Amino acid sequence: MLSRHKRSIGILGILLCFFLGMFAAYGVGVYNDSEQYIAMHIHREPLYPLFLAFFRMLAGEGTGLVLAAIAQNLLTVFAIFSLIEYLSRKFSLCLPGELILLAFSLMPHLVTKYVSALGIFLENSVMSEALCIPLFHFFVLFILRVLLEGKKRDMALSLLFAFLLSMTRGQMMTTILIWMLVMAYWLILHKQYKKLIVPVFVTVCVFGLRSLSVHTYNYMVTGYFMGNTYGKVNTLTNVIYACDREDGAVFPEGSLERDFFEVFYEQADAMGANYRYAGNTVAERTAHLEEYHDMLKFQVLEANMTAYYFSQDINYYELNRLSDMVAGKMIGKLLPECFGQWLYDYILLCKNGFVRSIAVVHRYINWVALFLYLAAAILMAVVFCKQKDSHAVCLMGIALLFIIANVCATSLTIMCLSRYMIYGFSLFYMAFFLLFVEWGRRFIKKDADVE
């Protein structure tokens with residue numbers, strides 16, 4: 001039997017061969033969004049552009065991106081290895097068990113490359129997901145250690161990685177909220193009710209620090225003390241999609257918002273980017289919304305706002321600020337008018353998000369995903385009833401909590417593409433496997449005790 005040390009070296013070797021092999025095979029992936037990160041665009045959170053800038057400073061433009069992609073792969077190797085090693089020790093896994101965790105860790109990378117429509121190996125790409133993936137693994141590692149060991153160091157480290165994630169992708173601000181919920185649960189579990197205000201206060205401070213950091217970064221880069229823009233325009237896109245023509249009456253005649261709405265609606269209607277053209281079945285309606293979201297956003301909303309503000313001799317940064325401001329005003333007035341249709345569309349986006357968090361969207365696979373979620377919930381309940389301090393229940397709880405938060409947050413602004421949902425993929429299956437391990441050991445032990 002291999003010693004734990006040799007097994008660890010073997011797992012690390014497989015990870016290095018896989019990720020560096022994929023880099024050697026495919027090289028650096030530069031896509032449509034990549035230029036915005038390289039240029040430190042106002043739409044993008046600070047950490048990943050700074051990460052790229054560091055390597056460009058070391059080695060220049062071309063070589064810097066190569067070094068950044070290699071660093072992304074190595075960070076991911078170390079992050080996955082650290083999580084697998086911790087779970088292996090906690091659950092006393094044998095070599096086959098570790099290899100199963102390894103397979104689950106690699107699965108989402110293979111899915112996004114070879115199965116999903118994206119066809120992207122994320123760790124080679126110049127996109128913020130490439131940095132988010134290792135940061136998320138570290139976050140899970142330390143937040144799990146909080147639940148299982150309760151060390152103050154892990155509380156601080158899990159919060160640090162949640163903050164770093166939020167500075168890399170806006171949707172990952174959900175990890176700060178998850179940290180708050182986990183800390184509150186831990187305090188309740190240990191009957192420290194008077195301290196429940198602490199995680200709430202810390203969370204508010206961290207959100208404030210994040211806002212200040214983003215504003216300061218943008219000021220240093222652009223000269224404008226402002227947050228990242230475009231989030232409200234993203235949200236307005238799905239609101240316009242859900243509107244009827246008469247909803248524009250909420251704006252005063254002749255107002256800028258009324259003028260924008262009429263142009264948006266007419267152009268959206270002309271290209272069929274409205275819920276009325278979406279078909280009858282759930283699958284047709286969801287596919288239509290996902291297909292037209294970017295067309296509606298870029299070709300209608302952004303194009304018209306840009307044309308209007310540039311005609312007023314307004315510079316690009318002010319354009320972004322004003323676009324977000326008017327989008328916020330329009331959302332506030334329009335959403336109550338089209339809320340029912342918007343909510344229905346939102347649920348459709350969430351449905352695909354939940355599927356893509358653990359599988360790929362397909363009319364048959366969708367039902368398999370639903371079965372897996374139900375099975376995970378039932379197995380959690382069974383294991384928890386038999387073992388109140390179950391480590392696997394804690395891990396599955398984190399997985400499901402993150403998937404719910406990630407899907408619901410992402411669906412507010414955009415469709416749930418696989419690369420936005422990848423984070424909970426392997427975590428869900430690792431937790432599922434470890435629930436079976438704990439349940440099996442409990443069942444076998446019970447039979448042995450009876451004999």
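This structure is a prediction, so every number in the text was calculated from the model and none was measured.
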Under 30°, 30 to 60°, or over 60°: which ring-plane class applies to [X] and [Y], parallel, tilted or perpendicular?
X	Y	value
F310	Y316	tilted
F18	F121	perpendicular
Y346	W342	parallel
H109	F19	perpendicular
F354	Y373	perpendicular

For the residue pair [X] and [Y], establish whether any side-chain heavy-atom pair is separated by less than 4.5 Å.
X	Y	value
F51	L75	yes
V300	M271	yes
E129	T168	no

Least distance between heavy atoms, [X] atom then [Y] atom:
X	Y	result
C132	R169	SG-CG, 3.7 Å
N228	E45	OD1-CA, 3.6 Å
V383	E438	CG1-OE1, 3.6 Å

Qualifying residue, where the test is ring pair (Phe, Tyr, Trp, His ring centres under 6.0 Å) with F138 and the options are F78, F163, F81, Y86: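 Only one of F78, F163, F81, Y86 forms a ring pair (Phe, Tyr, Trp, His ring centres under 6.0 Å) with F138, namely F78.
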D389, CG: over 12 other non-hydrogen atoms inside 6.0 angstrom: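 Count over threshold, so yes.
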A quick test of your reading: do over 12 heavy atoms of other residues, nucleotides or ligands sit less than 6.0 Å from OH of Y114? yes
Before you tell me yes or no, could you show the steps for L147 and L189 under side-chain contact (heavy atoms from CB on, under 4.5 Å), namely the whole-Å CA-CA distance, both residues' side-chain angles and the distance that decides it to 0.1 Å? CA-CA 10 Å; L147 286 172; L189 204 62; over 6 Å; no
Is there a side-chain contact (heavy atoms from CB on, under 4.5 Å) between L106 and L15 once you walk through the steps? CA-CA 9 Å; L106 300 182; L15 284 167; 3.9 Å; yes
Under the rule for side chain to side chain donor-acceptor pair (under 3.5 Å), what residues qualify as partners of E262, not counting sequence neighbours?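 Partners of E262 by the side chain to side chain donor-acceptor pair (under 3.5 Å) criterion, ordered by chain and then number, come out as R258.
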Taking the six-membered ring for Trp, is the centroid-to-centroid distance between F432 and F436 below 6.0 Å?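 Between F432 and F436, the centre distance is under 6.0 Å.
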Test ring-ring contact (aromatic ring centres under 6.0 Å, His included) on F142 and F161 and set out the steps. CA-CA 9 Å; F142 291 117; F161 278 99; 5.7 Å; yes
Quick one: does NZ or CZ of [X] land under 6.0 Å from the six-membered ring centre of [Y], within 45 degrees of the ring axis?
X	Y	result
K329	F260	no
K232	Y230	no
R44	Y37	yes

Quick one: does [X]'s side chain have a donor or acceptor within less than 3.5 Å of a partner on [Y]'s backbone?
X	Y	value
E257	M330	no
N218	M226	yes
S390	Q387	no
S311	Y308	yes
N315	Y317	yes

side-chain contact (heavy atoms from CB on, under 4.5 Å) between I347 and L343, intermediate numbers included: CA-CA 6 Å; I347 291 169; L343 181 61; 4.2 Å; yes
V355/M421 under side-chain contact (heavy atoms from CB on, under 4.5 Å): CA gap, chis, key distance, verdict: CA-CA 9 Å; V355 173; M421 300 295 108; over 6 Å; no
E290: salt bridge (Lys or Arg N to Asp or Glu O under 4.0 Å) partners, not counting sequence neighbours: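 Expected list: R356.
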Can a side-chain donor-acceptor contact be found between D269 and Y277 if the only test is distance below 3.5 angstrom? yes
So, N406 versus Q171: side-chain donor-acceptor pair below 3.5 Å or not? yes
